Amino acid sequence: MIKVGLTYDLKTDYKFKKGDPPDANAEFDHPSTIGVIEKAILSHGVKVKRIGNVSNLIEDLNNLDVDIVFNISEGLSGRNRESQVPILLEMAGIPFVGSDALTLGLTLDKIIAKKIFISEKIPTPKFFEVKNIASLKDSDHLKFPLIVKPRFEGSSKGVTESSRVANMDELTKQAEFIINAYKQPALVEEFIKGSEFTVAVIGNENAIALPPVQIEIEGKLNLGDKFYTFEHINDNKLFYICPPKISPSMVKKLQDLALKTYHATECLDFARVDFRVDKRGKPFVLEINPLPSLSTEDVFMFAARAMGTTYEDLIGRVLKSAIERNGLN
């Protein structure tokens, strides 16, 4: 029987430091989510060993006694934090589920990821970087409105209603906030008015894109100036719609573009691609996340229902992809 290790970070393990923004642990999982994922993995006739975060992995690396590790660990800090667990496992010769350290590092850094998108002719919003406020004075920035984000964060960290800026004063204030609060440069993008979607992908050479999930905010599917923020994660104004209320041709367009993005960044086993679609029906890739949330309140559960299958089945498909890729079957 295959024994699967499980690496993860818990919200309850995070120790807030002075000056941390309130969403500093946003990407970490609730203990209940780990229980659900563990149960889903167990349903496929394997054993599971909880390992936990990168510190636990370091302590136990030479005595893991597992055949493969199912990695959903976000790491501790810095733009290479998501690469910490994969690089240790790679060094120890232990197979793992999900993308390797290089892919996780370059996709967490939104600017590096966008450079890859551009080189592969994947449509993405125009952008520039603000490393310090002084550089804004000479910046040939885009036309307003713009949206300001941290350069290397996920789970909508640092994205609030104030992130959409309409003039230079708002841009300066928001960029300064990102630089000071998150200790990293600000990514400034053109703001795409329209609709928002996310598409999960599972597999490797023959990867498949799952049904797109549409974002509804305050009862609206045509979001216009509205967008997904960190606050929406826990409020009752945002809903996932799957199958989405769009044409079959738009479904295919989003799925094809999700697969192209997945392969361009050399993702493995699973990931999620986030989109904005403008009023002309043109999709733009915002980012790809090779460590997407596997919470049952997130996109994998909604996609499973639309496919007429179960959350457990999709988790099993992810695990099977990694087992076959590593020749463990």
Side-chain angles (χ1 to χ4, degrees), residues 21-23 26-27 29-30 32-33 36 110 123-125 143-150 153-167 170 174 189-201 209-255 257-258 272-289 292-311 314:
D23 57 0
E27 294 197 87
D29 285 300
H30 290 285
S32 59
T33 299
V36 169
K110 292 181 174 67
T124 191
K143 292 182 180 179
F144 292 101
L146 303 169
I147 187 164
V148 186
K149 310 172 182 177
E153 296 293 355
S155 298
S156 295
K157 287 173 67 173
V159 179
T160 68
E161 295 294 336
S162 300
S163 297
R164 181 183 177 277
V165 297
N167 54 57
E170 291 179 2
Q174 195 62 22
E189 292 179 317
E190 63 174 343
F191 181 80
I192 307 298
K193 294 185 178 183
S195 305
E196 197 157 326
F197 300 86
T198 186
V199 180
V201 178
L210 305 189
V213 175
Q214 190 168 11
I215 309 299
E216 176 187 295
I217 299 177
E218 297 177 3
K220 296 181 178 180
L221 293 175
N222 183 6
L223 302 181
D225 290 336
K226 296 184 183 298
F227 55 97
Y228 193 111
T229 69
F230 174 72
E231 288 89 348
H232 283 132
I233 294 174
N234 296 312
D235 68 19
N236 59 1
K237 297 179 181 178
L238 182 143
F239 296 94
Y240 291 128
I241 308 299
C242 189
K245 297 179 180 180
I246 54 177
S247 67
S249 62
M250 179 56 74
V251 168
K252 186 176 188 306
K253 187 182 292 187
L254 290 172
Q255 289 178 318
L257 196 48
R272 191 196 71 228
V273 185
D274 297 336
F275 296 90
R276 289 283 290 197
V277 177
D278 70 14
K279 59 184 179 182
R280 298 185 302 273
K282 180 178 178 179
F284 293 83
V285 174
L286 301 180
E287 63 177 282
I288 181 167
N289 187 351
S293 171
L294 294 181
S295 164
T296 52
E297 297 177 358
D298 218 298
V299 297
F300 277 82
M301 175 64 87
F302 286 85
R305 290 172 180 166
M307 296 168 68
T309 187
T310 64
Y311 170 84
L314 291 189

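For clarity, every value in this text was computed on a predicted model and none was experimentally measured.
In terms of heavy-atom proximity, Tyr228 sits nearest to Leu238 at CD1-CD1, 3.4 Å. Among all heavy-atom pairs drawn from Val201 and Ala258, the shortest one is CG2-CB, 4.1 Å. For the pair Pro212 and Cys242, the tightest heavy-atom approach, listed with the atom from each and the gap, is O-SG, 3.5 Å. Between Phe302 and Glu297, the shortest heavy-atom distance links the atoms CE1-O, 3.6 Å. The heavy-atom pair separating Lys226 from Arg276 by the smallest distance is O-NH1, 2.9 Å. Across all non-hydrogen atoms, the minimal contact from Gly158 to Gln174 is O-NE2, 4.3 Å.
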Candidate pair Tyr240 and Asp298, rule side-chain contact (heavy atoms from CB on, under 4.5 Å), full reasoning:
CA-CA 8 Å; Tyr240 291 128; Asp298 218 298; 3.7 Å; yes

Please test Phe227 against Ile217 for side-chain contact (heavy atoms from CB on, under 4.5 Å), starting from the C-alpha separation and ending with a verdict.
CA-CA 8 Å; Phe227 55 97; Ile217 299 177; 5.6 Å; no

Could you give me the CA-CA distance, side-chain angles and deciding distance for Ser163 and Lys149, then say whether side-chain contact (heavy atoms from CB on, under 4.5 Å) is met?
CA-CA 7 Å; Ser163 297; Lys149 310 172 182 177; 5.9 Å; no

Kindly determine whether Glu153 and Glu27 satisfy side-chain contact (heavy atoms from CB on, under 4.5 Å), including the steps that lead there.
CA-CA 9 Å; Glu153 296 293 355; Glu27 294 197 87; 4.0 Å; yes

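Summarising the geometry, atom CD1 belonging to Ile246 is positioned 13.0 Å from atom NZ belonging to Lys252; distances are rounded to the nearest 0.5 Å. In this structure, the separation between CD on Gln214 and CG on Leu254 is 9.5 Å, given to the nearest 0.5 Å. The line from CD of Glu196 to NZ of Lys220 is 15.0 Å long, rounded to the nearest 0.5 Å. With rounding to the nearest 0.5 Å, the separation of CZ in Phe197 from CD1 in Ile241 is 10.5 Å. Rounded to the nearest 0.5 angstrom, Lys279 NZ and Lys193 NZ are separated by 7.0 Å. Taking CG from Leu223 and OG from Ser195, the interatomic distance works out to 5.5 Å, rounded to the nearest 0.5 Å.
Although no hydrogens or angles enter the test, the distance criterion places a donor-acceptor pair under 3.5 Å between the side chain of Tyr311 and the main chain of Leu294. Distance alone, capped at 3.5 Å, places no donor-acceptor pair between the Thr309 side chain and the Ala304 backbone. Using modelled atom types, one side-chain atom of Gln255 and one backbone atom of Leu210 make a donor-acceptor pair closer than 3.5 Å.
Checked options Ile192, Val199, Leu286; the residue passing with Phe275 is Val199 (criterion: side-chain contact (heavy atoms from CB on, under 4.5 Å)).
Considering only heavy atoms from C-beta on, Val251 stays 4.5 Å or farther from Pro211 through its side chain. Side-chain atoms of Val273 and Leu257, non-hydrogen and from C-beta on, never get closer than 4.5 Å to each other.
The pair Asp274-Arg272 meets the salt-bridge criterion, with a side-chain N (NZ, NE, NH1 or NH2) lying under 4.0 Å from an Asp/Glu carboxylate O.
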